[in-house]
Number of protein chains: 2
Amino acid sequence: MSSAAKVDVFQAIADPTRRTLLKLLGKQEMSVAQMTGHFSISRTAVNKHLHILSDAGLVSHHKVGRETRYQLQPDNLRELKDWLNYFEQFWDNKLAMLKFLVEQDEDSPEENPPLRLVEKKPPSE
Amino acid sequence: MSSAAKVDVFQAIADPTRRTLLKLLGKQEMSVAQMTGHFSISRTAVNKHLHILSDAGLVSHHKVGRETRYQLQPDNLRELKDWLNYFEQFWDNKLAMLKFLVEQDEDSPEENPPLRLVEKKPPSE
DNA sequence: ATTATATGAAACCCATAGGTGTCACGTCAA
DNA sequence: TTGACGTGACACCTATGGGTTTCATATAAT
């Protein structure tokens, strides 16, 4: 129940303009006009992109005076990460293993086993 | 020159059918007809999706007799991973740091410093 | 009170994405 | 040789995505 997610996250990040918007919001909360300044498209177009990002649960917004400030809401990117995680086994077993171990560690904070890097091995192909 | 990448990877994985195709190919090399069996759309439609995945460099294909076998080619998913990596700092600093360190290690194979888990700290900005 | 600013919503345009069916061709089986 | 199988290339259709312009409204500034 983390988010309504009326729009697919994969779909939301498919557009390069929206990806740039997310990067911008990663730096700081911004108003619509402020963001529009970074593009050569109309403010209305930017607004549409923001709506899509909002429907995907990737940004939130709140009004400050007459302007609408948008904030990055990266939680739903986890879905993307989880998807990608499945494929990481195909190109880098070592990194996938490490991530697995780290996530295990996250779930049991009282334990803190000494993590060590495994032997280096070249990519299978 | 790893790939032509005529199609954006983000765009390529935006479609759920194409994501399913990638998952299928993650299990094993498959022919077009074989993949079509997993969907309710026409073979021609599947073929188009495969072309898009191919243009994005995510799959490769080779002919075996009269059938065309497709294989997963996950290298270009790194672009997606790199993009996502930037945002991970906003939801999980520890994991992002570890990944960074691991990748650093990948780049300098002659050195092998003892990596230790660092303390969790809030994003710098 | 009046004007400028910041925004949202609506109507509209056009390119393209995703789907279909058809046809031709190479390959495997009888 | 003949026919079924597996596929690629085309032509076509329709919904939607990303863009625009215009209009209305609320807030800030003078």
Side-chain angles (χ1 to χ4, degrees), chain A residues 4-25 28-73 76 80, chain B residues 4-25 28-73 76 80:
Chain A
K6 303 175 242 175
V7 169
D8 197 57
V9 176
F10 294 88
Q11 176 104 10
I13 66 164
D15 186 272
T17 300
R18 288 197 287 271
R19 290 200 296 275
T20 302
L21 283 171
L22 290 178
K23 280 255 178 177
L24 286 174
L25 293 176
Q28 51 176 309
E29 157 177 323
M30 291 180 77
S31 71
V32 179
Q34 213 171 346
M35 288 183 263
T36 303
H38 290 77
F39 301 92
S40 58
I41 60 179
S42 70
R43 172 189 55 81
T44 310
V46 172
N47 212 1
K48 281 192 182 180
H49 285 301
L50 289 170
H51 271 58
I52 292 173
L53 288 174
S54 183
D55 286 347
L58 294 176
V59 300
S60 63
H61 54 95
H62 60 110
K63 300 220 67 168
V64 175
R66 57 184 164 184
E67 57 185 24
T68 303
R69 303 275 183 78
Y70 278 81
Q71 283 180 317
L72 180 63
Q73 209 74 33
N76 276 18
L80 180 60
Chain B
K6 304 176 238 171
V7 169
D8 197 56
V9 176
F10 294 88
Q11 177 101 11
I13 65 164
D15 186 272
T17 299
R18 288 196 287 270
R19 289 200 297 276
T20 303
L21 282 172
L22 291 178
K23 281 254 177 178
L24 286 175
L25 293 176
Q28 50 176 309
E29 157 178 325
M30 291 180 78
S31 71
V32 180
Q34 212 170 349
M35 286 183 265
T36 304
H38 289 78
F39 302 93
S40 56
I41 62 178
S42 70
R43 173 190 55 84
T44 308
V46 172
N47 212 1
K48 281 193 183 178
H49 285 301
L50 288 171
H51 271 57
I52 293 175
L53 289 174
S54 182
D55 287 346
L58 294 177
V59 300
S60 64
H61 55 94
H62 61 113
K63 299 220 67 169
V64 175
R66 57 185 164 184
E67 56 185 26
T68 303
R69 303 272 184 80
Y70 278 81
Q71 283 180 317
L72 181 65
Q73 209 72 34
N76 276 19
L80 180 61

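Since the structure is predicted, the reported quantities are computational estimates derived from the model, not experimental observations. Here is the naming used below: chain letters follow the sequence lines, and residue numbers restart at 1 for every chain.
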Can you measure [X] atom [atom1] to [N] atom [atom2] for me and round it to whole angstrom units?
X     : N      : atom1 : atom2 : value
A/F39 : D/dG19 : CZ    : P     : 10 Å
A/D8  : C/dA17 : CG    : C1'   : 16 Å
B/L50 : D/dT7  : CG    : C1'   : 12 Å
B/H62 : D/dG8  : NE2   : P     : 13 Å
B/M30 : D/dG6  : CE    : P     : 13 Å
A/I13 : D/dG17 : CD1   : C1'   : 17 Å
A/E67 : D/dT27 : CD    : P     : 13 Å
A/K63 : C/dA6  : NZ    : P     : 12 Å

To the nearest 0.5 Å, atom CZ of A/R18 lies from atom OG1 of A/T20 at 11.0 Å

Any A/N47 side-chain N or O less than 4.0 Å from OP1/OP2 of C/dG8: yes

OP1, OP2 of D/dG17 versus side-chain N and O of A/H49: anything below 4.0 Å? no

A/S42 near the nucleic acid: base, sugar-phosphate alone, or nothing, with a heavy-atom cut-off under 4.0 Å? base

Just checking B/A33: base, sugar-phosphate only, or nothing, at a heavy-atom cut-off of under 4.0 Å? sugar-phosphate

Between B/H62 and B/Q71, is the side-chain hydrogen bond (donor to acceptor under 3.5 Å, both in side chains) condition met? List the steps. CA-CA 8 Å; B/H62 61 113; B/Q71 283 180 317; 4.5 Å; no

Using a cut-off of under 3.5 Å, enumerate the N/O to N/O pairs linking the protein to nucleotides 10-14 of chain D.
none

Please tell me if the side chains of A/T68 and A/K63 come closer than 4.5 Å, counting only heavy atoms from C-beta onward. yes

Compare all side-chain heavy atoms of A/L80 with those of B/L80 and state whether any distance is below 4.5 angstrom. yes

Closest-nucleotide mapping onto DNA chain D: is A/R66 or B/T68 further toward the 5' terminus? I mean the 5' end. B/T68

How do B/H51 and A/A45 order along DNA chain D: which one's closest nucleotide is nearer the 5' end? B/H51

Should B/M35 and B/L50 be marked as a side-chain contact (heavy atoms from CB on, under 4.5 Å) after you check the CA-CA gap, both sets of side-chain angles, and the distance that decides it? CA-CA 10 Å; B/M35 286 183 265; B/L50 288 171; 3.7 Å; yes

Is B/D8 salt-bridged to A/R19, going by a charged N under 4.0 Å from an acidic O? yes

Side-chain-base donor-acceptor pair under 3.5 Å for B/R43 and D/dG8: yes

Under the 3.5 Å rule, do the base of D/dG6 and the side chain of B/R69 count as making a donor-acceptor pair? no

Applying side-chain contact (heavy atoms from CB on, under 4.5 Å), run through B/M30 and B/Y70 and close with a yes or a no. CA-CA 5 Å; B/M30 291 180 78; B/Y70 278 81; 5.9 Å; no

